[in-house]
Colleague: 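Structure below; questions to follow.
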Protein chains: 2
Amino acid sequence: MKELLPKISLKVNEHVYLKDPQSSELGRRILQGSIDLLEEVGLEAFTFRKLAHEISSTEASVYRYFESKHKLLLYLTSWYWAWLEYRLIFSLINVESPEDRLGRALKVLTEVVEEDSDFLFINEIKLQHIIVAESSKAYLTRDVDEENKFGIFAGYKKIVQRVSDVILEINPKYKYPHMLISTAIEGAHQQRYFAEHLPRLTDHIKGEDSVVEFYRGLVFRAIECFPKRDK
Amino acid sequence: MKELLPKISLKVNEHVYLKDPQSSELGRRILQGSIDLLEEVGLEAFTFRKLAHEISSTEASVYRYFESKHKLLLYLTSWYWAWLEYRLIFSLINVESPEDRLGRALKVLTEVVEEDSDFLFINEIKLQHIIVAESSKAYLTRDVDEENKFGIFAGYKKIVQRVSDVILEINPKYKYPHMLISTAIEGAHQQRYFAEHLPRLTDHIKGEDSVVEFYRGLVFRAIECFPKRDK
DNA sequence: GCAAAAATGATAGTAATACTATTATATTAG
DNA sequence: CTAATATAATAGTATTACTATCATTTTTGC
């Protein structure tokens with residue numbers, strides 16, 4: 001995907017920021033700096049104070065962009081879903097067979113990001129690490145319902161819906177397409193986290209990306225279709 | 001299981017508490033009160049101050065039992081794993097066929113708790129709500145590795161290992177038994193959370209417990225065995 | 001190129017949180 | 001019944017998560 005398109009920017013729900021961080025230099029430094037800092041210290045130890053220091057700005061200035069660190073986390077996760085959707089669309093373009101489409105979609109949803117390219121101030125590799133460890137905290141709060149009303153999780157739902165539709169093309173009778181896809185997405189994150197920190201909760205087979213292989217097998221078997229492997 | 005056994009207590013790793021809360025009246029009030037309060041306000045808004053107030057004690061006294069609210073959360077999750085293991089053992093007693101054993105195990109891992117019975121000061125129904133919404137926060141921290149060294153997640157691993165072994169009895173060649181089980185356990189929590197807060201990420205079919213049905217199908221298909229339904 | 005507007009920086013302040021410490025009082029165990 | 005232990009009452013500290021104010025810089029519209 002690298003360099004195929006002019007640099008574009010991804011839309012994030014307006015309710016997560018006070019001022020669009022993609023619209024100014026400081027805003028972009030906030031995004032970049034917060035990705036660096038979050039990856040380094042984790043959400044719990046992350047503060048706007050430290051962030052401001054890291055980017056040579058002030059706490060008050062950061063607060064002009066984001067109401068709280070929770071909103072900033074929502075921003076990053078929303079951005080990630082938008083980015084995933086963008087990659088999903090690309091990887092499905094011109095692919096006809098629904099089985100192929102599903103296989104490719106699953107790969108995008110479960111694989112590890114290895115190049116950081118399309119977006120100037122977002123390091124996608126670091127962002128994925130953050131997503132793996134922190135994204136569930138974005139919705140596991142007392143504010144979910146309220147935030148959900150404002151469409152903050154729409155990007156996530158859209159992806160799940162999109163891939164569910166592919167499943168239903170393959171097997172219109174399959175009863176749990178949304179569960180299956182959200183299980184694969186969240187599960188892939190968890191399994192990567194487990195591999196790093198709690199390896200007895202997962203499996204790793206040398207020479208393959210076991211997370212990708214596992215969820216591929218899981219999904220295709222669940223919907224009762226045995227796919228032709230792409231080489 | 002109700003009343004079959006004399007009241008017993010479950011062992012929790014020593015490193016999560018300063019003083020065993022099951023050993024004193026105040027300790028038990030702390031457990032009971034924290035389950036009530038956590039369910040009511042969620043982990044973020046939960047403080048030892050509020051807890052102390054709720055149980056008519058003091059902050060300082062609570063701190064004599066638990067170093068921090070994170071440790072208290074670890075206590076509750078560890079207790080939950082111990083309790084799940086206990087229920088797992090019961091549900092597999094005298095069941096010979098490995099397919100049956102797996103079916104029963106999955107049911108225990110994914111079903112909703114409906115009675116609160118065996119343990120005096122732990123409300124298992126409320127505890128399960130807390131687990132659904134908060135348990136992943138117990139390991140998604142910077143302290144995981146350190147805590148893992150002290151065996152704090154051993155209870156969880158033990159369950160995963162136990163059920164993985166059943167899978168391998170059925171299909172010794174299956175490559176991802178741990179992934180499969182941890183996916184089912186965590187996934188079941190997530191899907192219940194989604195059902196309540198983000199329903200477009202899941203599926204619900206009237207007249208069945210879709211979470212249980214979904215993971216049952218998923219697991220049996222993944223390992224290539226088509227189970228006889230129990231009734 | 002300049003005035004007005006907007007963005008940022010510098011600094012300060014507040015309420016709440018997450019603890020620690022001290023001493024007094026109650027409870028319990030030998 | 002005394003000594004040890006547990007709990008309560010109270011106070012205090014450092015940090016966090018903000019909000020407010022005002023000065024300074026940058027941007028923009030003409």
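Reckoned from all heavy atoms, side chains included, excluding hydrogens, waters and symmetry mates. Convention: sequence-line order gives letters A, B, ...; per-chain numbering from 1.
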Colleague: Counting the atoms with a prime plus P, OP1 and OP2 as sugar-phosphate, which does B/Tyr65 contact under 4.0 Å by heavy atoms, base, sugar-phosphate, or nothing?
Modeller: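 Touches sugar-phosphate only.
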
Colleague: A quick test of your reading: do over 12 heavy atoms of other residues, nucleotides or ligands sit less than 6.0 Å from NZ of B/Lys157?
Modeller: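 More than 12 heavy atoms, drawn from other residues, nucleotides or ligands, come within 6.0 Å of this atom.
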
Colleague: Output one letter per nucleotide in nucleotides 15-20 of chain C: B when a protein non-hydrogen atom lies under 4.0 Å from the base, S when only the sugar-phosphate is that close, - when neither is.
Modeller: --SSBB

Colleague: Which atoms form the tightest heavy-atom contact between A/Asp203 and B/Tyr176, and what is the distance?
Modeller: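 That would be OD2-C, 3.2 Å.
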
Colleague: I need the CG-P distance between A/Leu51 and C/dT8, as an integer number of Å.
Modeller: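 Taking CG of A/Leu51 and P of C/dT8, I get 14 Å after rounding.
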
Colleague: Are the side chains of B/Lys158 and B/Trp81 in contact, using a 4.5 Å heavy-atom criterion?
Modeller: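 When only atoms from C-beta onward are counted, B/Lys158 and B/Trp81 do not touch, as no gap falls below 4.5 Å.
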
Colleague: Pairs in or reaching into residues 52-72 of chain A: which pass ring pair (Phe, Tyr, Trp, His ring centres under 6.0 Å), with residues at least two apart or in two chains?
Modeller: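 Non-adjacent pairs meeting ring pair (Phe, Tyr, Trp, His ring centres under 6.0 Å): A/Phe48-A/Tyr63, A/Phe66-A/Tyr75.
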
Colleague: Does OP1 or OP2 of D/dT7 have a side-chain N or O of B/Thr58 closer than 4.0 Å?
Modeller: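 For D/dT7, neither OP1 nor OP2 has a side-chain N or O of B/Thr58 closer than 4.0 Å.
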
Colleague: What do the steps show when you test A/Lys137 against A/Glu44 for salt bridge (charged side-chain N to carboxylate O under 4.0 Å, His left out), and what is the final call?
Modeller: CA-CA 11 Å; A/Lys137 297 170 193 167; A/Glu44 281 69 32; 3.2 Å; yes

Colleague: May I ask you to decide if the ring planes of B/Phe194 and A/Tyr156 are parallel, tilted or perpendicular, using 30° and 60° as cut-offs?
Modeller: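 Taking A/Tyr156 first and then B/Phe194, their aromatic rings stand perpendicular (interplane angle over 60°).
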
Colleague: What is the distance, rounded to the nearest whole Å, between atom CZ of B/Arg29 and atom P of C/dT27?
Modeller: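 Going from B/Arg29 (CZ) to C/dT27 (P), I get 12 Å.
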
Colleague: Tell me: CZ of B/Arg64 to P of C/dT25, nearest whole Å?
Modeller: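 The distance from CZ of B/Arg64 to P of C/dT25 comes to 16 Å, rounded to the nearest Å.
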
Colleague: What is the distance from NZ of A/Lys71 to P of D/dC18, rounded to the nearest Å?
Modeller: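 From A/Lys71 NZ to D/dC18 P: 10 Å.
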
Colleague: Taking DNA chain D as the partner, which of residues 15-26 of chain B come within under 4.0 angstrom of it by heavy atom?
Modeller: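 B/Lys19, B/Ser24, B/Leu26 - these, ordered by number, are the residues of the stretch whose heavy atoms sit under 4.0 Å from the strand.
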
Colleague: Starting from P on D/dT16, measure out to CG on A/Leu72 and report it in whole angstrom.
Modeller: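 Value for this atom pair: 16 Å.
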
Colleague: Would you sort out whether A/Glu25 and A/Arg28 count as a salt bridge (charged side-chain N to carboxylate O under 4.0 Å, His left out), showing the intermediate values?
Modeller: CA-CA 5 Å; A/Glu25 219 261 295; A/Arg28 290 185 290 268; over 6 Å; no

Colleague: Does the pair A/Lys11/A/Glu85 count as a salt bridge with the N-to-O cut at 4.0 Å?
Modeller: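 A salt bridge is absent here (no side-chain N lies under 4.0 Å from a carboxylate O).
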
